[in-house]
Amino acid sequence: SKYHPSLLYLVGGLLPAVCEEFFFRGYLQNLALNKYKPINAILLVSFIFAFFHFQLIAFIPLFIFGIALGFLT
C-alpha cells in the first residue's frame, strides 16, 4: 500500500468516531435541546447513542459515556 499503516489506522479508527460525535452531539443533541430541557435532551441522546451501538453488554457504559460527552458538549 502506498499509505503508511498508522495513517490508515488513524483514518479508519478516528474518522468514524469523529463523524459519530458530530451526528450525536452536534446534530441530534442540538435538535433535542430545542424541544426538551437540557438534562432530558442529554439523557435521550445518550440512550440513542448507546442503543445504536447494538452491544447489549456495553449498553450501560456507553450510556454513561454518552451522558459525559453530552455534558462536555
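When all heavy atoms of G66 and S46 are compared, the pair lying nearest together is C-OG, 3.0 Å. The heavy-atom pair separating V45 from R25 by the smallest distance is CG1-NH1, 3.6 Å. When all heavy atoms of L43 and I67 are compared, the closest pair comes out as CD2-CD1, 3.7 Å.
Proximity of E20 to H53: side-chain heavy atoms (C-beta onward) are separated by under 4.5 Å at one or more points. Residues F65 and P61 are not in side-chain contact: their nearest non-hydrogen atoms beyond the backbone lie 4.5 Å or more apart. At a threshold of 4.5 Å between non-hydrogen side-chain atoms, the residues Y27 and F22 do not count as touching. In this structure, L33 and N30 have side chains that are in contact, with non-hydrogen atoms separated by less than 4.5 Å.
In this structure, I60 is a member of the same hydrophobic cluster as F51, with clusters built from ILVMFWY side-chain heavy atoms closer than 4.5 Å. Neither L14 nor L69 shares a network with the other; the hydrophobic side chains, linked directly or stepwise wherever heavy atoms of I, L, V, M, F, W or Y lie under 4.5 Å apart, form separate groups for each. With hydrophobic clusters built from ILVMFWY side chains whose heavy atoms lie under 4.5 angstrom apart, L28 shares a cluster with L72. Hydrophobic clustering (side-chain heavy atoms under 4.5 Å, transitive across Ile, Leu, Val, Met, Phe, Trp, Tyr) groups I39 together with Y36. Following chains of ILVMFWY side-chain contacts shorter than 4.5 Å, one can reach L15 starting from Y3, so the two form part of one hydrophobic cluster.
Using bins of under 30°, 30° to 60° and over 60° for the plane-to-plane angle, the ring pair F49/F24 lands in the perpendicular bin.
Atom CG of residue L44 and atom CG of residue L31 lie 10.0 Å apart, to the nearest 0.5 angstrom.
Screening F52, F47, F54 for a ring-ring contact (aromatic ring centres under 6.0 Å, His included) with F59, the sole residue that qualifies is F47.
Distance alone, capped at 3.5 Å, places no donor-acceptor pair between the Q29 side chain and the A41 backbone.
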